[in-house]
Amino acid sequence: PPPGVMEALSKVDITHYPDSGDSQLWRCLFEKIGVAPENILKVSGSTELIRLAALAYFAQGDQVLVIEPTFGEYEVACNIIGASLIRQRLSVEKGFQLNVKETIELIHRYCPKGIFISNPNNPTGQYLSQEEFKELLNVSSDFLVVLDEAYITFVDNAWSSLNMIEGNNLLILRSMTKDYALAGLRLGYGIAQREIIDTMRRICPPWNVNAIAQQVGIIAMREEGYLKRCQVELKEAKDYLILELSHLGFSLVPSEANFFLVEVGDAQEFRRNLLERKVLVRDCTSFGLPSYVRIAPRTLPECHRLVTAIREMRGR
């Protein structure tokens, strides 16, 4: 986490309810992304926002389009509401690239009440261009488009979706817990036109962002240069892992995000063997990819430890 966060944790007054208006946090977000408070809903992590969106806009029997493999919480949120899924499954053979024309055909055929788009996608790291996303948005005037940008900070030369909210049924998800290494605190926000934000705010639990998360979020956003430093270090670590794993003979899926897929044969066994060496990677069986793990670079010493552990496993 950014400098100053640990000190802030000891100074937050937890004897009072958190600021229900989150006025300071709103100001910081406005300074950071230039979006007015009425277009922002702050939440306890983007997963809460996914469920709020489903609760506000879907009903039992509705159909929702999901592009797989992707984050499992979209399906969970739809199951809670009783909505069913239309699944567009991307293929390994095509590098998990999305065929937008096929997506548009599914939209015309099924007339869904919503679509979830993870961009960059978790776990594949594929990133839709602005032109591709505009194509989807142009045929989505009758239903909610949820654009999950939880990992957008880690994409080089990412395009901005913020100017698309007005006049569109678009809800953008952002995650501060990933940007600032605050996963244990839970902090994120949604961006949309005012009507959508007002609708979701009516069903949002009161005081959903606790006082500690609010204060830490403010401090994190005011740390000038923190994100840029992290992006440089992560790229260095990612490049190192890609080079070393390629030399070890692994097949890697190109990724625009800070994580990437590695084909390992039996993902469960591979993960289990690494756990015995106190290293954790993501088994992608739950994504429908039982021969892949997802690796997210950490510090270089930790990346060295991962490579050493894999070499031990392979007897090299």
Side-chain angles (χ1 to χ4, degrees), residues 33 45-47 49-50 53 65-75 77 87-92 94-100 102-103 115-137 140 145-165 170-183 187-191 227-228 230-239 241-242 245 251-263 281-282 284 286-289 292-298:
I33 62 175
S46 55
T47 298
L49 196 54
I50 292 167
L65 179 57
V66 174
I67 301 164
E68 297 179 327
T70 196
F71 188 36
E73 281 298 323
Y74 309 147
E75 181 173 1
R87 303 175 190 269
Q88 181 182 6
R89 186 75 186 181
L90 307 183
S91 69
V92 175
K94 295 181 180 179
F96 300 106
Q97 294 288 332
L98 177 65
N99 186 322
V100 175
E102 289 181 6
T103 311
I115 179 173
F116 285 99
I117 302 172
S118 176
N119 200 42
N121 185 44
N122 174 19
T124 66
Q126 303 306 302
Y127 186 58
L128 279 180
S129 70
Q130 188 174 35
E131 291 71 27
E132 289 172 319
F133 181 71
K134 281 181 177 178
E135 283 187 65
L136 294 175
L137 200 58
S140 307
V145 177
V146 182
L147 179 63
D148 188 346
E149 293 187 335
Y151 293 97
I152 194 69
T153 300
F154 306 104
V155 175
D156 290 335
N157 303 314
W159 53 269
S160 175
S161 58
L162 300 181
N163 60 352
M164 299 181 185
I165 59 173
L170 173 63
L171 173 63
I172 302 168
L173 277 57
R174 296 281 179 89
S175 172
M176 292 180 65
T177 58
K178 293 178 177 61
D179 290 355
Y180 298 102
L182 305 172
L187 183 61
Y189 56 96
I191 309 163
L227 284 178
K228 288 184 178 180
C230 289
Q231 287 164 343
V232 170
E233 291 176 12
L234 277 172
K235 186 179 186 308
E236 183 182 2
K238 180 182 175 184
D239 289 347
L241 283 179
I242 289 173
L245 293 174
S251 176
L252 283 64
V253 177
S255 166
E256 296 295 323
N258 57 312
F259 51 80
F260 52 89
L261 292 177
V262 183
E263 189 172 10
V281 295
R282 177 69 153 85
C284 290
S286 63
F287 291 104
L289 301 170
Y292 287 85
V293 296
R294 186 191 66 198
I295 291 179
R298 293 174 61 89

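Remember, it's a predicted structure, so these values are computed and weren't measured experimentally.
- The shortest heavy-atom contact between Cys284 and Val293 is SG-C, 3.8 Å.
- Evaluation of the side chain to side chain donor-acceptor pair (under 3.5 Å) rule for Tyr151 yields no partner, not counting sequence neighbours.
- Taking CD of Glu256 as the start and CG of Asn157 as the end, the distance is 9.0 Å to the nearest 0.5 Å.
- Val262 places a side-chain heavy atom less than 4.5 Å from the side chain of Leu245.
- Counting only heavy atoms from C-beta outward, the side chains of Leu261 and Phe287 never approach each other to under 4.5 Å.
- Here CZ of Phe116 is found 8.5 Å from CG of Leu171. Values are rounded to the nearest 0.5 Å.
- Between the Asn122 side chain and the Phe71 main chain, no donor and acceptor come within less than 3.5 Å of each other.
- By the side chain to side chain donor-acceptor pair (under 3.5 Å) test, Tyr292 is found to be paired with no residue, residues two or more places apart in sequence or in another chain being considered.
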Verdict with supporting geometry, Leu252 and Leu241, side chain to side chain contact (heavy atoms under 4.5 Å, CB included): CA-CA 10 Å; Leu252 283 64; Leu241 283 179; over 6 Å; no

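- For Ser255, there are no side chain to side chain donor-acceptor pair (under 3.5 Å) partners at least two apart in sequence or on another chain.
- Note: Glu73 CD to Thr47 OG1 = 5.0 Å, rounded to the nearest 0.5 Å.
- Residues forming a side-chain contact (heavy atoms from CB on, under 4.5 Å) with Ala183 (at least two apart in sequence, or on another chain): none.
- Glu132 places no side-chain N or O within 3.5 Å of a backbone atom of Asn99 that could act as its donor or acceptor partner.
- Annotation for Thr153 and Gln231: closest pair O-NE2, 2.8 Å, computed over non-hydrogen atoms.
- Looking at Arg294 and Leu289, their side chains never come closer than 4.5 Å, going by heavy atoms from C-beta outward.
- Proximity of Glu149 to Ser175: side-chain heavy atoms (C-beta onward) are nowhere separated by under 4.5 Å.
- Residues satisfying the side-chain contact (heavy atoms from CB on, under 4.5 Å) criterion with Ser286, sequence neighbours excluded, are Arg282.
- Listed here is the closest heavy atom pair of Asn121 and Pro69: ND2-O, 2.8 Å.
- Legend: residues meeting side-chain contact (heavy atoms from CB on, under 4.5 Å) with Asp239, ordered by chain and number and at least two apart, are Lys235.
- To the nearest 0.5 Å, the span separating CE on Met164 from CZ on Phe133 amounts to 6.5 Å.
- Atom CZ of Arg174 sits about 5.0 Å away from atom OG of Ser161, to the nearest 0.5 Å.
- Shortest non-hydrogen contact noted between Asn119 and Ile152 is O-CD1, 4.1 Å.
- With sequence neighbours excluded, the residues that form a side-chain contact (heavy atoms from CB on, under 4.5 Å) with Thr103 are Leu65, Ile67, Gln88, Leu98, Ile107, Ile115, Leu136.
- Contact between Ala150 and Asp179 at its shortest, heavy atoms only, is O-OD1, 4.3 Å.
- Checking side-chain atoms of Gln97 against main-chain N and O of Lys94 turns up no donor-acceptor pair under 3.5 Å.
- For the atom pair CG of Leu49 and CG of Leu173, the computed distance is 4.0 Å after rounding to the nearest 0.5 Å.
- Residue Pro297 comes nearest to Phe260 through the heavy atom pair CG-CE2, 4.3 Å, listed as atom of the first residue, atom of the second, then distance.
- Applying the ring pair (Phe, Tyr, Trp, His ring centres under 6.0 Å) test to Tyr180 and every residue at least two apart in sequence or in another chain returns Tyr226.
- With sequence neighbours excluded, the residues forming a side chain to side chain donor-acceptor pair (under 3.5 Å) with Arg87 are Glu68, Glu75, listed by chain and number.
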